[in-house]
Amino acid sequence: MGKEALETEVNGSTSLYPGGWRENLFSFGVHMTKKSLRDLIDENLVKPAFTDPFDYSDPDLYESEDIDDLPPTGTGVYIFKHDDVLSAIKSEFRSSRKDILKALYKESSWKGFATIEDSLLSKLDALEGQFANFKDVIDLCKRHLHLFRLESPEIICLPPVLLTGPPGIGKTRFMSELAKVLSTDFFSLDFSTISSGFILNGGNCSWSDSSPGFISESIRRSRYANPIIMLDEVDKVIAASRFDPLGPLYGLLETHTARSYKDEYLDIPMNLSNVIWVATANEPDHIPPPIRSRMIEIRVQAPSAAQSREVVKAIYQELIDSHPWGKHFAKELDDLIINAFASLAPRQMKHELLHALATAASRCFSEPRPIVVRPEDVCIQKDEQHQNAGIGFLANIS
């Protein structure tokens with residue numbers, strides 16, 4: 001046709017196209033209407049076909065709190081909002097994260113407070129009998145509990161605490177027992193093995209192997225809005241230049257910012273303002289000053305000779321009470337046995353006592369009950385570290 005042209009109307013104007021283009025355009029499914037070329041490109045070349053990833057027909061997704069049966073004000077808090085989770089599900093296309101968000105959506109976001117029982121102060125007195133070297137910590141608990149008893153509901157609330165002192169004196173064991181006395185939940189994370197904040201705070205959801213962090217998982221598992229979360233040995237953290245493991249603590253240790261904490265993977269605001277934070281350290285000078293200043297620091301001394309004897313009794317009682325086989329043993333230890341273990345740091349006491357109990361069980365397997373631990377059942381490994389842990393004259397008792 002030579003220079004023959006096809007006149008086509010686009011956006012109300014007249015343009016000239018070479019002959020044969022009309023057939024080519026329609027063969028690619030492009031319907032020439034009164035739209036700009038940019039609109040046509042967006043619709044046909046750039047924007048992929050989209051299907052809503054959220055299954056609105058799944059009835060299980062809508063099992064949440066009954067808004068007509070709300071709990072009394074002040075007895076707990078909503079940790080997260082289901083609307084926030086629902087929005088995140090609708091916009092998520094990765095199946096792994098979407099499944100985790102759906103599981104979160106099905107959970108109740110309401111958590112009640114662990115409250116002060118009438119017998120709590122007497123229980124704290126009994127705890128002090130077992131952990132006399134933690135008297136300052138117990139005194140702090142009593143003062144704050146008296147404060148929160150002034151108003152109902154009497155919520156268990158403590159400020160962030162940093163326990164410092166030599167290794168092996170029972171800081172972790174004490175906090176576990178304190179949680180039992182306070183009737184709240186207890187979670188502990190060893191910071192000496194952490195090299196980034198992902199473990200604590202969750203990983204970026206764009207990474208294939210990411211998951212929610214320890215903090216959000218702990219509060220989801222907790223029965224209460226005010227569990228104890230222990231950050232063990234924060235002075236030994238292995239810091240990385242890009243991913244500071246202690247970074248999330250700057251916000252978590254402040255009440256006003258902890259109300260809108262976000263796990264990096266979930267990316268859902270969570271109210272963690274009622275969590276009881278406890279950190280431990282052997283060398284507190286290794287902790288960044290801004291984090292250290294957010295906590296009340298209490299130095300825990302190694303137990304005295306008399307206190308060590310009470311610790312031995314308490315650990316022995318804990319061992320026989322916490323295992324089914326404990327009922328086969330005598331309720332008390334002989335003074336000579338107590339003296340043999342009193343020279344050790346509490347951490348080693350537990351290991352050596354367990355070894356002695358196992359030896360006694362082997363010796364008296366077919367003998368009448370109860371089994372009594374005898375001197376020949378005690379075989380304490382004496383190395384330089386354990387001898388340094390000895391206290392006063394008891395350090396030389398074998």
Side-chain angles (χ1 to χ4, degrees), residues 63-67 69-86 88 100-101 103-118 120 123-124 140-161 175-189 200-202 212-231 248-279 294-296:
E63 295 177 0
S64 58
E65 290 88 1
D66 183 354
I67 60 174
D69 188 22
L70 296 177
T73 303
T75 60
V77 294
Y78 287 98
I79 300 298
F80 59 88
K81 295 180 179 178
H82 280 90
D83 286 347
D84 292 336
V85 183
L86 187 61
I100 291 175
L101 289 170
L104 179 64
Y105 187 83
K106 293 179 184 179
E107 296 173 9
S108 171
S109 68
W110 172 263
K111 293 195 183 289
F113 292 126
T115 55
I116 302 171
E117 300 175 354
D118 293 337
L120 181 53
K123 289 181 179 179
L124 287 173
L140 179 141
C141 293
K142 289 179 178 179
R143 290 195 299 271
H144 281 268
L145 293 176
H146 279 301
L147 177 64
F148 281 86
R149 291 187 73 182
L150 296 176
E151 188 65 27
S152 181
E154 301 175 359
I155 299 169
I156 292 175
C157 185
L158 298 173
V161 176
M175 289 309 308
S176 176
E177 292 300 313
L178 177 62
K180 294 177 184 177
V181 169
L182 298 178
S183 297
T184 190
D185 290 326
F186 176 75
F187 304 93
S188 177
L189 180 64
L200 188 72
N201 204 43
F214 172 80
I215 298 299
S216 64
E217 289 292 276
S218 296
I219 195 65
R220 289 173 64 185
R221 287 160 46 201
S222 176
R223 296 168 297 168
Y224 305 103
N226 52 342
I228 293 176
I229 296 184
M230 181 171 172
L231 315 173
L249 299 183
Y250 290 94
L252 286 168
L253 297 178
E254 296 283 3
T255 301
H256 64 284
T257 50
R259 287 194 178 96
S260 55
Y261 164 79
K262 279 188 177 183
D263 179 289
E264 190 169 351
Y265 183 86
L266 296 175
D267 197 30
I268 302 295
M270 289 186 166
N271 185 352
L272 303 187
S273 59
N274 297 283
V275 170
I276 300 172
W277 299 100
V278 178
R294 285 167 162 80
M295 298 179 281
I296 296 177

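Atom set for the values below is all heavy atoms of this structure, side chains included, hydrogens, waters and symmetry mates excluded.
Residue I268 holds its CD1 atom at 5.5 Å from CG of D84, rounded to the nearest 0.5 Å. Note that CG of L231 is 6.0 Å distant from CH2 of W277, once rounded to the nearest 0.5 Å. Interatomic distance, C157 SG to I116 CD1, rounded to the nearest 0.5 Å: 9.5 Å. Taken to the nearest 0.5 Å, the CD1 atom of I79 stands 8.0 Å off from the CE atom of M270. With rounding to the nearest 0.5 Å, the separation of NZ in K123 from CG in L178 is 12.0 Å. With rounding to the nearest 0.5 Å, the separation of CG in L104 from CG in L86 is 11.5 Å.
For L101 against A88, the heavy-atom pair with the smallest separation is CD1-CB, 3.8 Å. Nearest heavy atoms, C141 versus L124: CB-CD1, 4.5 Å. Looking at every heavy atom in both residues, N201 comes nearest to P248 through CB-CG, 3.6 Å. Shown here for L120 and V181, the closest heavy-atom pair between the two residues is CD1-O, 3.2 Å. The two residues N271 and Y78 have their closest heavy-atom pair at CB-O, 3.9 Å.
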Do any side-chain atoms of residues 144-151 form donor-acceptor pairs under 3.5 angstrom with protein atoms, and if so which ones, sequence neighbours left out?
none

Distance-only donor-acceptor hits, side chain of residues 215-225, under 3.5 Å, sequence neighbours excluded:
| unit_1 | atom_1 | unit_2 | atom_2 | d |
| --- | --- | --- | --- | --- |
| S216 | OG | G213 | O | 3.3 |
| S216 | OG | D263 | OD2 | 2.8 |
| E217 | OE2 | R220 | NH1 | 3.1 |
| S218 | OG | F214 | O | 2.7 |
| R220 | NE | E107 | OE1 | 3.2 |
| R220 | NE | E107 | OE2 | 3.2 |
| R220 | NH2 | E107 | OE2 | 2.5 |
| S222 | OG | D185 | OD2 | 3.3 |
| S222 | OG | Y224 | N | 3.0 |
| S222 | OG | Y224 | O | 2.8 |
| R223 | NE | D185 | OD1 | 3.0 |
| R223 | NE | D185 | OD2 | 3.3 |
| R223 | NH2 | D185 | OD1 | 2.7 |

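Residues F113 and V77 have side chains in contact (heavy-atom distance under 4.5 Å, counting atoms from C-beta outward). Side-chain contact check for L200 versus L249: some heavy-atom pair is nearer than 4.5 Å.
In this structure, R294 contributes its side chain and E254 its backbone to no donor-acceptor pair below 3.5 Å. No donor-acceptor distance shorter than 3.5 angstrom exists from the side chain of S273 to the backbone of R259, with no hydrogens or angles considered. With hydrogens and angles ignored, the 3.5 Å screen pairs a side-chain donor or acceptor of N226 with a backbone N or O of A114.
Take K262 and apply the side-chain hydrogen bond (donor to acceptor under 3.5 Å, both in side chains) test, not counting sequence neighbours, and it matches no residue. The side-chain contact (heavy atoms from CB on, under 4.5 Å) test applied to S260 returns no partner, not counting sequence neighbours. Under the side-chain hydrogen bond (donor to acceptor under 3.5 Å, both in side chains) criterion, K180 pairs with E177, sequence neighbours left out. For the side-chain hydrogen bond (donor to acceptor under 3.5 Å, both in side chains) test, no residue two or more places apart in sequence or in another chain qualifies with S188.
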>> Does I229 form a side-chain contact (heavy atoms from CB on, under 4.5 Å) with L252? I'd like the steps, not just the answer.
In response: CA-CA 11 Å; I229 296 184; L252 286 168; over 6 Å; no
